[in-house]
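A short write-up of the structure that comes next.
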Amino acid sequence: MSRIKGQGPTPGSRAKLHAKSSCPYLRSARVTEREVRLDAATVGRLCGQCAAYGPWARPGTALAVFLGAVTGGGMLYQLDRYRRADEDTCGDEEVSAAASVLLAASSAGEADRASADTKEEPEDESWEELQTARQVRERVIAEWLDALTSLDRVHHVLALFPWLRSWAEPAVQRKTDYLQVLRGRAGQLVAADSLFLAAAVSAMEEPDVPADDPAFALLGTPVQARRELASLWRRWRSKVETSWDHPREFSYLVHHLASGTSSRRKGYDQMLERARELLDGWESAARSIAAGRGEERLLVARLAESVLKQSGSGASVFDRLDEWERGVLASYPVTVDWEQSAQLSLTVRVPELVAARLLARPSVLVYEAPAQKTPQPQSGPVVPEAGEGLRPGVFDDTPVHGRQLLRPEHLRALRTAGTDAEQLYAVLGSGTGMEVVTLSVLEQRCAAGWEGVVLAAARDLPDALFHSRLQEETEEAPDSERVWAVPVSDPEQEAFGRSLGAVEGERVLVRLCERRRQAGQALKSLALARSVADLRDLEAGGYDDRGTPLRSFVPDVWHGLLAMEQLDLEPFASASDRDWPGGSGLPLGVLASVQVYTTDAFGCYEGRAHSPGCTHRRPYLGVDRQDDMVTLDELLGNEAFDPCSKCGGYAVRRLSDTQVAYYRAAHRLHNLLQRSSSHRQADATREDVRRLQELSDLDAQTVRAWFPRREQARQWRQATSRLRADLQVPASP
């Protein structure tokens, strides 16, 4: 069991524990520092203020994950919510009064509806009562769903830390009992008949509309009238099928037909009256569908997988349900349960027509028929396993040799409590060795039975490794310096090719992040990402609550990994190459294995190939599994490659210092070869001789670094020998 250091006024067993002596809730001048055992009793003594803002533990450790899940806005806060009524809660009498008003409005007669449609002002008192009742309905149903969300978060934390169950059980039971009270109140405020009719309307096909009816002459020609009436149908259906109100409450939609038409025109009132008859006919058709209600059906609803991956501390997922679905959950019998994985499960009994709609429509809840449980023969009593949950020794809070095997519940705790959980992790797996992977990949592997340990997250890398780089760019680089280096076209300049290198990638990344706090973390992510063999493995996978793809690091890190500019490959092309006329046929050497990322390396798809940074490709930067990865050698000989004229079609993984040096040397030699072939100088200039000597007199270490294969080194020597003969330069002794 972990221990934490706390400060308190007295060494008593009931004194509150504070993380810092400056806490405003610490009112005693006598403060002592103690190290206490972290158990259920200690959790109850944690100061709420310090729990939310105090430095109890270093981020990323199991202790920090635990405190993040329990303190602050976590389990301790949730246990204290929705256990009893407060001053803002609507009482039973207020709910009953609101239910009477709402049900009376839902069953209002034809005369009342017609009065509302003709915009006659209702009595102020009745209108205010109806508006107040609607506000009560919104508040009561919202409170019930918030209470359900709060209890769900408590169960999620208890599944991660099961040793807290016995301590939290009394408070959980009080929340559960009060949840049933809130559900009963919510069920009084929605008419099940309205929900059933909405389901019937959603099942209707678009009806034929009387476009030739003289009453709709104000709409124009029959074609125009048909278009306007079809629009009225779609508008009415959309309103009805997503609302908990009765269909007749949307009869005001007929006024959209008269938009831009003066109410004084002849036939105006007749058109609206005929339109109301259309709505009545559509409602009657829905009632005919609803007449055969059929038997009731049980459905089990669980949160969608994309929702489960999101943090449990944000807004309630039930806020994303429309009125109709919230009304269904409030009106029909619902049983709330939590499975072994702490996943919320709602069992609802609804009519067949409502069930069909729940199964067909998209939602944050996934509905399915309950599984049939078949009894299994047992030879003896079954004792459920008591999991220990997340304990110290999983992440970087213990030495590596003492790390525990990673399990799915550990990652669930990390994702729930960690504000920057979706990042890169260095892991060591049985049979896979050491790798750098994203949290999403770790979750998939653990679910599939992978065994391994976490060595470090990107945030755990020592700051000292990156402090000098940050300080250099911040202090020495003027504010006016360009983020992107000025292109250098002359290979005789030392800066030629430097913009393609990994060092330049670091500089660009720091400059892009210098105004934000992300610079240090971005460099750490870059350091881990560089060790990944295939950058497509860095895809986080999935989407957040707003539909944005999840990222394991800030997008600017991709500029540190990839050079978006294209390489000049002319020196390496043969003289007969159609794409690179005038090539020198130099070997690619150490450049042959450079990785190239593109949307279509082999011309398999319609359209041109794009680089990971091209605006024609997608609205976000980076590579994923949909991209192609080839080597520079493969790209050079690929005639099917059809690049985008704007981005060049690809981006290369940033070059090492050795690759940049060879890239520049190849261009220098290529320029000499081109000049010698065009001028055929009888005597070489002194500068040409010096350059040729530099390019031909390579030491053994450089030859091995530049040319992985012997034939590549031989090609280079042949090129320099040919140039020496053209320039009539004697061979070196």
Minimum heavy-atom distance [X]-[Y], with the two atoms named:
X      : Y      : answer
Arg675 : Leu672 : NH2-CD2, 3.1 Å
Ala522 : Val557 : O-CG2, 3.7 Å
Ser531 : Val436 : OG-CG2, 3.0 Å
Leu405 : His410 : O-CE1, 3.5 Å
Phe641 : Ala609 : CE1-CB, 3.5 Å
Pro612 : Leu621 : O-CD1, 3.6 Å

- Can you check salt bridge (Lys or Arg N to Asp or Glu O under 4.0 Å) on Asp600 and Arg608, steps first, answer last? CA-CA 7 Å; Asp600 187 8; Arg608 295 191 170 185; over 6 Å; no

- Message: Evaluate Arg445 against Glu451 for salt bridge (Lys or Arg N to Asp or Glu O under 4.0 Å), listing each step before the verdict.
- Response: CA-CA 8 Å; Arg445 290 187 177 183; Glu451 291 187 345; over 6 Å; no

Side chain to side chain donor-acceptor pair (under 3.5 Å) against [X], all qualifying residues, sequence neighbours excluded:
X      : value
Arg654 : none
Asp490 : none
Thr658 : none
Ser499 : Glu565

List for me each residue that meets side-chain contact (heavy atoms from CB on, under 4.5 Å) alongside [X], sequence neighbours excluded, and say none if there are none.
X      : answer
Arg704 : Ala700, Gln701
Thr432 : Glu435, Trp450
Glu694 : Arg668, Arg690
Arg403 : Asp396, Thr398, Val400, Val453

Is there a side-chain contact between [X] and [Y] in this structure, where contact means two heavy atoms from C-beta onward sitting under 4.5 Å apart?
X      : Y      : value
Tyr597 : Arg653 : yes
Leu695 : Trp716 : yes
Leu538 : Val623 : no
Met629 : Val596 : no
Trp558 : Leu535 : yes
Leu523 : Leu509 : yes
Trp484 : Val508 : yes
Arg664 : Glu494 : yes

Distance (rounded to the nearest 0.5 Å) between [X] [atom1] and [Y] [atom2]:
X      : Y      : atom1 : atom2 : result
Cys604 : Asp628 : SG    : CG    : 7.0 Å
Glu409 : Leu160 : CD    : CG    : 8.0 Å
Ser584 : Leu723 : OG    : CG    : 9.5 Å
Leu673 : Leu692 : CG    : CG    : 9.0 Å
Asp642 : Glu606 : CG    : CD    : 11.5 Å

So, does [X] use its side chain to make a donor-acceptor pair with the main chain of [Y] at under 3.5 Å?
X      : Y      : result
Arg507 : Val483 : yes
Gln595 : Ala533 : yes
Arg691 : Arg686 : no
Glu634 : Thr631 : yes
Asn671 : Pro491 : no
Gln423 : Gln521 : no

- Message: Is it the case that over 12 heavy atoms from other parts of the model lie below 6.0 angstrom from the OH atom of Tyr605?
- Response: no

- Would you say Glu687 has more than 12 foreign heavy atoms packed within less than 6.0 Å of its CD?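 For Glu687, atom CD is crowded (more than 12 foreign heavy atoms under 6.0 Å).
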
- Note on the structure: Residues at least two apart in sequence or cross-chain that pass salt bridge (Lys or Arg N to Asp or Glu O under 4.0 Å) with Asp633, listed by chain then number, are none

- Task: Go through the structure and list residues passing salt bridge (Lys or Arg N to Asp or Glu O under 4.0 Å) with Arg536, not counting sequence neighbours.
- Result: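 Salt bridge (Lys or Arg N to Asp or Glu O under 4.0 Å) check on Arg536 returns Asp534.
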
- Item | Near-ring test Phe161/Phe66, centroid separation under 6.0 angstrom |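 Yes, they do, as the ring centres are separated by less than 6.0 Å.
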
- Message: Test of understanding: with ring-ring contact (aromatic ring centres under 6.0 Å, His included), list the residues that count as partners of Phe496, not counting sequence neighbours.
- Response: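 Tyr663, His667.
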
- Message: Whether the Arg717 and Ser696 side chains hold a donor-acceptor pair (N or O, under 3.5 Å, no angle test) is what I'd like checked.
- Response: no

- Residues Glu422 and Ser440: side-chain donor-acceptor under 3.5 angstrom: yes

Anything under 3.5 Å between a donor and an acceptor, one on a side chain of residues 705-714, the other on a protein residue two or more places apart or in another chain? List them.
unit_1	atom_1	unit_2	atom_2	d
Arg709	NE	Glu711	OE2	2.8
Gln712	OE1	Arg709	N	3.3

- Task: Apply side-chain contact (heavy atoms from CB on, under 4.5 Å) to Thr438 and Tyr425, showing your working.
- Result: CA-CA 6 Å; Thr438 64; Tyr425 295 85; over 6 Å; no

- Message: Salt bridge check, Asp460 against Lys524: does any charged N sit closer than 4.0 Å to a carboxylate O?
- Response: no

- Item | Lys/Arg N to Asp/Glu carboxylate O, Arg511 vs Glu504, below 4.0 Å | no

- Test side-chain contact (heavy atoms from CB on, under 4.5 Å) on Arg724 and Gln693 and set out the steps. CA-CA 9 Å; Arg724 184 177 289 108; Gln693 292 297 110; 4.3 Å; yes

- Message: side-chain contact (heavy atoms from CB on, under 4.5 Å), that's the test. Do Val503 and Asp657 meet it? Break it down for me.
- Response: CA-CA 8 Å; Val503 175; Asp657 292 342; 3.8 Å; yes

- Item | Pair Cys644-His616, side-chain contact (heavy atoms from CB on, under 4.5 Å): steps then yes or no | CA-CA 9 Å; Cys644 167; His616 291 162; 3.7 Å; yes

- Sort out for me which residue in Thr599, Thr598, Leu562 forms a side-chain contact (heavy atoms from CB on, under 4.5 Å) with Tyr650.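 Looking at Thr599, Thr598, Leu562, the match for Tyr650 under the side-chain contact (heavy atoms from CB on, under 4.5 Å) is Thr598.
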
